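Since the structure comes first, as structure tokens, the remarks are kept for the end.
Just so it is clear, the model here is predicted, and its values are computed rather than measured.
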Amino acid sequence: SVNLNGSISKAAGADTTFEARAASNIIMGSGASISSSGNKLHVTLNSDSDASGAGNIQMFPGSSITTNGGNIVMGGGSDPLIFAAVGSGAGAGVQNGVYLEGATLISGAGSISVIGKGVAGAFGWGVLAFAGTSISASGGTINLDGTAGVGPSDNRGVYLQDAGTIIQSTNGDISIT
């Protein structure tokens with residue numbers, strides 16, 4: 001697992017990439033941040049990098065990614081732009097491929113791609129965004145791609161919940177599948 005509980009900040013220099021890669025889960029704790037105020041910072045969170053079928057991404061209240069025009073990629077396997085982060089157990093958050101609780105993603109002119117798959121069983125949501133999560137791009141596209149877990153009840157591909165949860169792109173397309 002990769003646990004991010006502090007701040008990672010890029011203040012100067014050329015465009016660059018930050019990648020967190022884990023065979024299992026990637027967790028950004030409450031208040032954790034990844035940001036750039038100097039040129040683009042492309043951010044990739046790649047869980048389940050060993051493609052075992054277990055490894056999700058979780059962002060908790062107040063956590064944020066701000067890229068100053070860089071792309072944000074959240075997914076799994078050998079290529080997180082193609083393969084999903086995968087729910088990996090029972091209980092709040094871990095059964096979802098990507099769990100965004102009160103989180104903020106801001107890419108500016110960059111694109112945002114979030115791909116998740118829920119665990120088999122109840123409440124296996126591919127992508128869950130709730131509690132005031134904000135996903136925003138000014139010029140880039142936003143793609144939320146969720147696959148529901150197989151199970152008896154309440155499995156959803158993409159689940160957007162609560163007033164204040166916002167998905168917005170000023171000049172780019174938004175795709176939710």
Side-chain angles (χ1 to χ4, degrees), residues 1-51 55-86 93 96-116 127-146 158 160 164-176:
S1 291
V2 172
N3 292 293
L4 303 169
N5 292 304
S7 296
I8 297 170
S9 179
K10 175 187 179 311
D15 296 353
T16 193
T17 299
F18 169 82
E19 180 174 7
R21 182 181 301 177
S24 59
N25 302 328
I26 296 175
I27 301 165
M28 287 186 69
S30 293
S33 67
I34 301 170
S35 65
S36 177
S37 59
N39 290 323
K40 296 176 185 175
L41 177 61
H42 302 289
V43 175
T44 299
L45 302 184
N46 182 3
S47 66
D48 189 30
S49 63
D50 63 355
N56 77 346
I57 297 168
Q58 301 170 51
M59 291 181 69
F60 287 95
S63 61
S64 64
I65 300 173
T66 304
T67 65
N68 200 30
N71 298 323
I72 299 171
V73 175
M74 302 172 84
S78 61
D79 185 344
L81 272 170
I82 297 172
F83 300 108
V86 181
N96 310 121
V98 179
Y99 176 90
L100 305 171
E101 178 185 357
T104 301
L105 304 176
I106 302 172
S107 66
S111 295
I112 300 173
S113 174
V114 179
I115 304 173
V127 176
L128 171 61
F130 72 112
T133 289
S134 176
I135 302 173
S136 174
S138 62
T141 62
I142 297 174
N143 176 50
L144 303 180
D145 184 351
V158 176
L160 308 175
T165 296
I166 299 169
I167 314 299
Q168 65 183 2
S169 181
T170 307
N171 293 310
D173 293 334
I174 297 174
S175 172
I176 300 174

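I135 is listed as a side-chain neighbour of L144, based on a closest heavy-atom distance under 4.5 Å. For the pair I72/V114, no side-chain contact is recorded, criterion being any heavy-atom separation below 4.5 Å from C-beta on. Counting heavy atoms from C-beta on, the side chains of N25 and Q58 come closer than 4.5 Å. Using a 4.5 Å heavy-atom threshold, the side chains of T133 and L105 count as separate.
Inspection of the S64 and S33 side chains reveals no N or O donor paired with an N or O acceptor under 3.5 Å.
S37 approaches N68 most closely through the heavy-atom pair C-ND2, 3.9 Å. Of all heavy-atom pairs spanning I57 and S47, the tightest one is CG1-OG, 3.6 Å. Contact between S138 and T170 at its shortest, heavy atoms only, is O-CB, 3.2 Å.
Tested against M28, the residues V2, L4, N5 include a single side-chain contact (heavy atoms from CB on, under 4.5 Å) partner, L4.
Listed by chain and number, the residues in a ring pair (Phe, Tyr, Trp, His ring centres under 6.0 Å) with F83 amount to none (sequence neighbours excluded).
For residues 105-116, the set of pairs meeting the side-chain hydrogen bond (donor to acceptor under 3.5 Å, both in side chains) definition, not counting sequence neighbours, comprises S111-T141. Sequence neighbours left out, the pairs with a member in residues 59-78 that pass ring pair (Phe, Tyr, Trp, His ring centres under 6.0 Å) are F60-Y99. Sorted by first and then second residue, the salt bridge (Lys or Arg N to Asp or Glu O under 4.0 Å) pairs with a member in residues 16-32 read E19-R21; sequence neighbours excluded.
With S49 contributing its side chain and N46 its backbone, the two residues share no donor-acceptor pair below 3.5 Å. Side-chain atoms of S169 never come within 3.5 Å of backbone atoms of I142 as a donor-acceptor pair (strictly under, hydrogens ignored). Looking at H42, its side chain does come within 3.5 Å of a backbone N or O of N71 through a donor-acceptor pair. Not one N or O on the side chain of S63 forms a donor-acceptor pair closer than 3.5 Å with the backbone of S30.
The OG1 atom of T17 sits 7.5 Å away from the CG atom of L41 when rounded to the nearest 0.5 Å. To the nearest 0.5 angstrom, I34 atom CD1 is 5.5 Å from L45 atom CG. S24 OG to D48 CG: the interatomic distance, rounded to the nearest 0.5 Å, is 9.0 Å. Note that the CD1 atom of I166 and the CG atom of L160 stand 11.5 Å from one another [nearest 0.5 Å]. With rounding to the nearest 0.5 Å, the separation of OG in S134 from CD1 in I167 is 7.5 Å. Rounded to the nearest 0.5 Å, atoms OG1 (T66) and CD1 (I106) are 4.5 Å apart.
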Side-chain donor-acceptor pairs under 3.5 Å in residues 8-15, sequence neighbours left out?
unit_1 : atom_1 : unit_2 : atom_2 : d
K10    : NZ     : A12    : O      : 3.1
K10    : NZ     : G13    : O      : 3.1
K10    : NZ     : A14    : O      : 3.2
K10    : NZ     : G38    : O      : 2.3
D15    : OD1    : K40    : N      : 3.0

Please output the side-chain donor-acceptor pairs of residues 73-81 that fall under 3.5 Å, not counting sequence neighbours, one pair per line with the distance.
unit_1 : atom_1 : unit_2 : atom_2 : d
D79    : OD1    : L81    : N      : 3.0

